[in-house]
Number of protein chains: 2
Amino acid sequence: MSPTIDYDAPTPPYQQIAAEVIRDIKAGVLAVDRPIPSESALIQRWGVARDTARRAVRHLRELGYVYTVPQRGTYVAERGEDERQAD
Amino acid sequence: MSPTIDYDAPTPPYQQIAAEVIRDIKAGVLAVDRPIPSESALIQRWGVARDTARRAVRHLRELGYVYTVPQRGTYVAERGEDERQAD
DNA sequence: TAAGATTTGTGCGTATGTATT
DNA sequence: TAATACATACGCACAAATCTT
């Protein structure tokens with residue numbers, strides 16, 4: 001069973017969704033420059049509204065984990081967490 | 001007459017709204033650490049939806065012109081345009 | 001060339017929760 | 001007790017660009 005949204009958790013749904021994507025990125029399930037699940041995929045996977053899915057993606061973008069190409073998709077960025085320190 | 005939204009313009013409504021706020025900041029109409037117009041004020045001023053007003057404020061925040069205090073409001077930041085260069 | 005599917009961008013309406021005044 | 005304001009979330013619609021068939 002893959003996790004579902006916990007509406008009683010202190011962290012909002014969009015952050016729970018983003019957290020799983022981050023786990024997948026760190027685990028290598030989602031490779032650099034490969035697309036992350038689309039908005040509609042996230043909507044189906046988690047059963048949330050588009051607003052929530054978009055918020056999750058925006059959150060990932062703000063954290064530096066992904067970048068979005070308009071009308072194309074959102075892809076895994078080279079680094080995450082706002083370009084942390086060097087290697 | 002204050003400007004209204006031009007839906008035929010190449011720039012989206014939220015950027016047109018943000019542009020006016022930036023003009024007011026640069027003109028000194030809105031002073032540092034003073035609140036910018038609230039969401040509902042922008043909604044009434046421009047006749048747009050909440051999402052659009054929010055988008056405008058988020059845009060201003062990303063540009064560094066304002067900062068938001070959760071549950072309080074959004075205020076004019078010291079500098080704009082992502083802390084440009086020194087004076 | 002054309003049609004259709006996919007994906008993101010933008011906009012509107014509404015509701016709930018929380019914090020401040 | 002309101003009124004105000006923001007954050008989050010749900011719904012819906014259409015447009016634009018891209019990709020596939």
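Computed from a predicted structure; not experimentally measured. Chain letters run A, B, ... following the sequence lines, proteins first, then strands; residues in each count from 1.
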Given atom [atom1] of [X] and atom [atom2] of [N], what is their separation to the nearest angstrom?
X       : N      : atom1 : atom2 : result
B:Arg54 : D:dC6  : CZ    : C1'   : 9 Å
B:Ile17 : C:dC12 : CD1   : C1'   : 13 Å
B:Tyr67 : D:dC6  : OH    : C1'   : 15 Å
A:Asp51 : C:dG9  : CG    : C1'   : 13 Å
B:Arg58 : D:dC6  : CZ    : P     : 14 Å
B:Ile5  : C:dT10 : CD1   : P     : 14 Å

So, using side-chain contact (heavy atoms from CB on, under 4.5 Å) as the criterion, who are the partners of [X] when residues are at least two apart?
X       : result
A:Ala9  : A:Asp6, A:Thr11, A:Gln16
A:Ala49 : A:Thr52
B:Ala19 : B:Arg23
A:Pro70 : none

Next item on the list: For C:dC12, take OP1 and OP2 only and decide whether either is under 4.0 Å from a side-chain N or O of B:Thr52.
Entry: yes
Next item on the list: State whether A:Arg55 places a side-chain N or O below 4.0 Å from either non-bridging phosphate oxygen (OP1 or OP2) of D:dT8.
Entry: yes
Next item on the list: Check whether A:Ile36 and A:Val69 end up in the same hydrophobic cluster, where Ile, Leu, Val, Met, Phe, Trp and Tyr are linked by side-chain heavy atoms less than 4.5 Å apart.
Entry: no
Next item on the list: Answer yes if B:Ile5 and B:Leu42 sit in the same cluster of Ile, Leu, Val, Met, Phe, Trp and Tyr residues linked by side chain heavy atoms under 4.5 Å apart, and no otherwise.
Entry: yes
Next item on the list: For residues 27-46 of chain A, pull every pair meeting salt bridge (charged side-chain N to carboxylate O under 4.0 Å, His left out), keeping only residues two or more places apart or in separate chains.
Entry: A:Glu20-A:Arg45, A:Glu39-A:Arg50, A:Glu39-A:Arg54
Notebook entry, point to check: Which part of the nucleic acid, if any, lies within reach of B:Val48 when heavy atoms closer than 4.0 Å are counted: base, sugar-phosphate only, or nothing?
Noted result: sugar-phosphate
Margin query: I need the full list of ring pair (Phe, Tyr, Trp, His ring centres under 6.0 Å) pairs touching residues 14-36 of chain B, with sequence neighbours left out, sorted by first then second residue.
Written below: B:Tyr14-B:His59
Next item on the list: Any ring pair (Phe, Tyr, Trp, His ring centres under 6.0 Å) involving residues 19-58 of chain B? Give me the pairs, sequence neighbours left out, ordered by first then second residue.
Entry: none
Atom pairs under 3.5 Å: protein N/O with N/O of nucleotides 2-4 of chain C:
none

Item checked: Set of salt bridge (charged side-chain N to carboxylate O under 4.0 Å, His left out) partners for A:Asp51, sequence neighbours left out -> A:Arg55
Checklist line | Residues within residues 34-47 of chain A bordering DNA chain D, heavy-atom distance below 4.0 Å | finding: none
Notebook entry, point to check: Of all residues at least two apart in sequence or in a different chain, which pass the side chain to side chain donor-acceptor pair (under 3.5 Å) check with A:Ser40?
Noted result: A:Ser38
Notebook entry, point to check: What one-letter contact string describes nucleotides 14-21 of chain D from 5' to 3', where B marks a base within less than 4.0 Å of any protein heavy atom, S marks contact via sugar-phosphate atoms alone, and - marks no contact?
Noted result: --BBSS--
